[in-house]
Amino acid sequence: MIKENLNIIREQVQAPARLIAVSKTKPVEMLQEAYDCGQRLFGENKALEMRDKHEALPKDIEWHFIGHLQSNKVKYIAPFVSLIHSIDSLAILQEVNKHAVKNNRVIDCLLQFHVASEETKFGLDMQEADELLSSAAFAELKNVRIVGVMGMATNTPDKDLVRREFHRLKEIFDDLKLRYFAGSDCFKEISMGMSGDFAIAQEEGSTLVRVGSSIFGARDYGVKVND
Ligand SMILES: *Cc1c(COP(=O)(O)O)cnc(C)c1O
């Protein structure tokens with residue numbers, strides 16, 4: 001089933017967008033199956049779960065951390081994570097930098113923006129992002145690199161609202177690019193779009209779509225995953 005699902009999704013994800021298979025809560029056997037179909041980008045939202053899956057699976061996988069990151073969990077993913085999508089404060093960025101130094105690497109990160117009309121979603125607004133990016137403390141961080149932005153649209157059947165929110169994230173990206181990253185070819189990622197809305201996200205400029213349930217099936221949150 002994973003193979004068929006993957007093939008269907010891949011036909012719908014067009015370059016320059018890349019597909020992240022969101023495998024949170026799913027067993028390593030299912031990830032291995034996707035891997036055997038050629039999938040190399042995987043997304044997880046719990047640090048310990050991602051560490052354990054990294055240990056169990058082939059080492060040419062690119063691991064994307066897409067969940068809310070707690071300071072005390074950074075150490076579990078710092079040695080290997082490819083991209084952290086969910087930076088929403090200077091404090092967490094400093095923590096990532098600290099562990100990147102310890103691991104002698106530079107860790108790529110996205111700034112997560114709050115573009116949905118729901119109260120519950122994490123993320124920065126433009127003013128907070130400005131404060132972060134123009135701060136002296138940020139300028140000192142040499143082992144993290146901001147390569148773009150991430151956001152989630154409102155969970156709603158209203159496609160126009162979803163489109164406006166993705167459009168807003170693209171505007172935020174363009175604005176930041178102009179004002180802070182004009183000389184940087186690395187600032188190029190817009191992570192937006194999930195199973196229900198990745199087609200709209202691509203039309204609005206997504207470069208990374210994060211698709212879970214359409215590949216692996218619905219998630220069962222009946223058992224709490226230890227993190
Ligand atoms: C779970 C999750 C996804 C994938 O959601 P689906 O609807 O299953 O495709 C994408 N992004 C984030 C941040 C997630 O937590």
Side-chain angles (χ1 to χ4, degrees), residues 1-2 4-13 17-27 30-31 33-34 39 41-50 53 61-70 73 77 81-89 92 96 108-124 147-159 161-163 165-166 168-170 172-173 189-225 227:
M1 188 190 72
I2 289 174
E4 282 84 73
N5 290 347
L6 254 181
N7 286 337
I8 292 167
I9 301 294
R10 279 178 179 155
E11 275 172 22
Q12 299 170 53
V13 176
R18 293 185 293 155
L19 171 65
I20 300 172
V22 176
S23 46
K24 61 191 188 197
T25 78
K26 300 297 179 183
M30 291 179 84
L31 281 75
E33 205 176 322
Q39 186 64 32
L41 276 57
F42 288 85
E44 292 284 338
N45 69 343
K46 304 279 184 195
L48 285 171
E49 185 178 343
M50 187 161 107
K53 287 173 171 173
I61 289 176
E62 259 190 43
W63 292 97
H64 290 245
F65 192 83
I66 62 170
H68 187 65
L69 187 55
Q70 294 167 270
K73 304 285 168 61
I77 64 171
V81 66
S82 285
L83 181 60
I84 298 174
H85 291 230
S86 44
I87 298 297
D88 61 358
S89 69
I92 194 69
V96 172
D108 284 348
C109 296
L110 304 178
L111 295 180
Q112 179 170 359
F113 280 85
H114 183 277
V115 290
S117 36
E118 290 157 316
E119 276 298 322
T120 53
K121 299 269 159 74
F122 293 104
L124 301 161
V147 300
V149 299
M150 180 269 213
M152 290 167 87
T154 304
N155 184 11
T156 170
D158 181 349
K159 301 285 179 217
L161 177 60
V162 168
R163 186 179 295 281
E165 291 170 354
F166 287 150
R168 175 72 192 129
L169 189 60
K170 173 69 162 70
I172 289 170
F173 171 86
E189 303 291 1
I190 306 175
S191 169
M192 59 185 186
M194 312 181 10
S195 288
D197 56 22
F198 73 88
I200 301 174
Q202 285 188 103
E203 287 167 11
E204 297 302 328
S206 176
T207 67
L208 291 167
V209 298
R210 312 177 306 266
V211 179
S213 45
S214 291
I215 298 171
F216 297 107
R219 286 175 295 274
D220 179 6
Y221 285 108
V223 183
K224 195 180 178 303
V225 180
D227 185 50

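Counting starts at 1 for both ligands and their atoms, in listed order.
- The two residues S191 and H85 make their nearest non-hydrogen contact at OG-ND1, 2.9 Å.
- Under a 4.0 Å criterion applied to the non-hydrogen atoms of V211, ligand 1 contributes the atoms 9 (O).
- Residue S195 has at least one heavy-atom neighbour below 4.0 Å for each of these atoms of ligand 1: 6 (P), 7 (O), 8 (O), 9 (O).
- Among all protein heavy atoms, the one lying closest to atom 13 (C) of ligand 1 is I66 O, 3.5 Å.
- Residue nearest to atom 1 (C) of ligand 1, selected from E44, M192, K24: K24 (by heavy-atom distance).
- M194 has its side chain out of reach of V22: every pair of non-hydrogen atoms, C-beta onward, lies at least 4.5 Å apart.
- Using cut-offs of 30° and 60° on the angle between ring planes, the pair H68 and F122 is parallel.
- Heavy-atom separations between R219 and ligand 1 include at least one value shorter than 4.0 Å.
- Heavy-atom proximity to R210, at under 4.0 Å, picks out these atoms of ligand 1: 4 (C), 9 (O), 10 (C), 11 (N), 12 (C), 13 (C).
- The backbone N or O of D158 lies less than 3.5 Å from a partner atom in the side chain of T156, making a donor-acceptor pair.
- Closest protein heavy atom to atom 5 (O) of ligand 1: M194 CE, 3.4 Å.
- Between N45 and ligand 1, a contact under 3.5 Å exists for no N or O pair.
- Heavy-atom proximity to G212, at under 4.0 Å, picks out these atoms of ligand 1: 4 (C), 6 (P), 8 (O), 9 (O).
- A side-chain donor-acceptor contact under 3.5 Å links Q39 to the backbone of L19.
- No side-chain heavy atom of V81 sits less than 4.5 Å from a side-chain heavy atom of V96.
- A side-chain donor from one of T207 and E189 sits under 3.5 Å from a side-chain acceptor of the other.
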